[in-house]
Every structure is written in structure tokens, then in C-alpha cells.
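All of these numbers come straight from a predicted model, not from anything done at the bench. The figures here come from the full heavy-atom set of this structure, side chains too, leaving out hydrogens, waters and symmetry mates.
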Amino acid sequence: MGKWVGVALVALVAVLAVAGIGSYNSLVGLDQAVKAQWGQVENVYQRRLDLVPNLVATVKGAANFEQETLTRVTEARAKASQVTTTASKDILEDPAAFQQFQQAQQNLSSALSRLLVTVERYPELKATQNFSALQAQLEGTENRISVERMRFNEAAQAFNTRRGSFPTVLFAGFFGGRFAEKPYFQAQQGASEAPKVQF
């Protein structure tokens, strides 16, 4: 009797070990997928940050353009750049840092929208070739941001679903914050669409 109990315990430990290893490996794979997708999100946001100085320089060439509008864009770009640069490598495990990143990018989107609406009053500016080229690049970048954010949310959902599923949920807690739930991008209230660029 005692022998069979021992065998059963060994079998149970073996099953738990196999399940634990499988769960750990699957979480590592999904965690890496989320981080890779986050890299893509940062990449497209950086592309937008790189475009803004060119946009501001082009608009500055227009006579009597409102300086306040340009200042808002420049400040929002600086803030977004600072948040991106200083964000910890563990931003995906830090909901406050993730929220700060998202807010800074939303502020830049808002400032760009105001700038582009203001440009409507400057037909000579809208007609320049440089401005048309920037318009096309900004439209493309906003679309890329939207796509990469959607893909990031899909990767985060796959990770979170796996993490919360049985029996993985039993093992995920053993590793502390290593496999913390991933945050999602949330749509800004009243801004479900990317800023429209119109000249």
C-alpha cells in the first residue's frame, strides 16, 4: 500500500513538473511576442517624433503664422520624446509608466490636430511641395501607429489569456512580476480616430 502511495506521489510530482515547465515556456514565448510588438509601437511613435521638427520648420516659413500653435506642438513633442527616452525598460510591467507614455502621445496628437486645422487659414502654405510630402508621411505614420497598437493589444491579450488560464495561473504567481499582466492601449475618450491631416 505504502509503495503505491509513493508511486502515485512521484507520478503527481512528475505531472506537475511537466505542466509547470510547459506553462513557463509558453509564458516566455508570449512575453517575448508582447515585447517585440512593443518595439514596433515605439518605432512608429519615434517616426512621428522625427517628422514633427520638419513640420514645424516648414510651417514657420509661413508669414504671420500663429506662434502659440507652433509652441504647443514643440512642447508636446518634447514631452513625448522625454517620456519615451526616460521610460523604464519595464514599462510593460509598470501601469503608471505605460499610462504616462500613452498620455504624452495623446497630447502630441492633439497638438498636431490643432496645428493642422490652423494651417487651413494659410493657402500658400498648403500649396508647398514640402508640406504636401509631410502630409502624406504623417497620414501614413498615423495609420501605422493605429495598426501597431492594435497588434500590441492582440499580443497582450494572448499573453493575458494564457497567464490567466488553468493550470498556468497556478505557476505564474511563483515568478512574481516576471509574468505580470500586460496593459492595453485604451482609446482616448472622444478620439476614436487618428488625427486627420488636411491641408
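Counting only distance, with no hydrogens or angles, the side chain of S146 and the backbone of E142 share no donor-acceptor pair below 3.5 Å. At least one donor-acceptor pair under 3.5 Å links the side chain of S109 to the backbone N or O of Q105.
Follow the hydrophobic side-chain contacts under 4.5 Å out from Y45 and you never reach M150; the two are in separate clusters.
At a threshold of 4.5 Å between non-hydrogen side-chain atoms, the residues L170 and P167 count as touching. A heavy-atom distance below 4.5 Å is not found between the side chains of Q99 and P183. Put simply, the side chain of R77 reaches to within 4.5 Å of the side chain of D50, judged on heavy atoms.
Of all non-hydrogen atoms in L125 and T58, the two that sit nearest each other are CD1-O, 3.8 Å. Closest heavy-atom contact between V83 and A104: CG2-CB, 3.9 Å. Taking each heavy atom of L108 and R48 in turn, the nearest pair found is CD2-NE, 3.9 Å. What you find for V41 and V44 is that their closest heavy atoms are O-CG2, 3.1 Å. When every heavy atom of S81 is checked against every heavy atom of L49, the shortest pair comes out as CA-CD1, 4.0 Å.
For residues 48-83, the set of pairs meeting the ring-ring contact (aromatic ring centres under 6.0 Å, His included) definition, not counting sequence neighbours, comprises F65-Y122.
Q40 pairs by the side-chain contact (heavy atoms from CB on, under 4.5 Å) definition with Q37, N43, E148, not counting sequence neighbours. The side chain to side chain donor-acceptor pair (under 3.5 Å) check on N130 picks up nothing, with sequence neighbours excluded. For E68, the salt bridge (charged side-chain N to carboxylate O under 4.0 Å, His left out) criterion is met by R72, not counting sequence neighbours. Looking at residues two or more places apart in sequence or on another chain, you find no ring-ring contact (aromatic ring centres under 6.0 Å, His included) involving F171. Residues forming a side-chain contact (heavy atoms from CB on, under 4.5 Å) with A111 (at least two apart in sequence, or on another chain): V73, A76, R114. Every side-chain contact (heavy atoms from CB on, under 4.5 Å) that A172 has, sequence neighbours left out, goes to L27, R163. With sequence neighbours excluded, no residue satisfies side chain to side chain donor-acceptor pair (under 3.5 Å) with N153. Checked against salt bridge (charged side-chain N to carboxylate O under 4.0 Å, His left out), E66 has the following partners two or more places apart in sequence or in another chain: R121. Applying the salt bridge (charged side-chain N to carboxylate O under 4.0 Å, His left out) rule to R47 yields no partners; only residues at least two apart in sequence or on another chain are considered. Every residue two or more places apart in sequence or in another chain that forms a side-chain contact (heavy atoms from CB on, under 4.5 Å) with S26 is listed here: R162.
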Between D94 and Q100, is a side chain to side chain contact (heavy atoms under 4.5 Å, CB included) present by the stated rule, with each step listed? CA-CA 10 Å; D94 185 352; Q100 187 181 20; over 6 Å; no
Test log, rule side-chain hydrogen bond (donor to acceptor under 3.5 Å, both in side chains), inputs R149 and Y184: CA-CA 9 Å; R149 284 172 49 143; Y184 293 103; over 6 Å; no
Under the criterion side-chain hydrogen bond (donor to acceptor under 3.5 Å, both in side chains), I'd like the reasoning laid out for E139 against N143: C-alpha separation, chi angles, the key distance, then a yes or no. CA-CA 6 Å; E139 285 176 338; N143 289 335; over 6 Å; no
Applying side chain to side chain contact (heavy atoms under 4.5 Å, CB included), run through L55 and L115 and close with a yes or a no. CA-CA 10 Å; L55 178 69; L115 171 68; 3.5 Å; yes
Apply side chain to side chain contact (heavy atoms under 4.5 Å, CB included) to residues D31 and E93 and explain how you reach the verdict. CA-CA 11 Å; D31 182 56; E93 282 77 35; 4.2 Å; yes
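Separation of atoms CG (N160) and CZ (F179) is listed at 13.0 Å; rounding is to 0.5 Å. Between atom CD of residue Q157 and atom OG1 of residue T161 there is a gap of 5.0 Å, rounded to the nearest 0.5 Å. The line from CG of L51 to CG of L138 is 5.0 Å long, rounded to the nearest 0.5 Å. Summarising the geometry, atom CZ belonging to F101 is positioned 10.0 Å from atom CG belonging to L92; distances are rounded to the nearest 0.5 Å. Atom CZ in F152 sits 11.0 Å away from atom NZ in K35 (nearest 0.5 Å).
Side-chain contact, Q103 with N107: a donor N or O sits under 3.5 Å from an acceptor N or O.
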Result block: side-chain N/O donor-acceptor pairs under 3.5 angstrom for residues 6-25, not counting sequence neighbours:
unit_1	atom_1	unit_2	atom_2	d
S23	OG	A19	O	2.9
S23	OG	T168	OG1	3.3
N25	ND2	I21	O	3.4

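Using cut-offs of 30° and 60° on the angle between ring planes, the pair F98 and W38 is tilted.
Within a 6.0 Å sphere centred on CD of Q67, heavy atoms belonging to other residues, nucleotides or ligands number more than 12.
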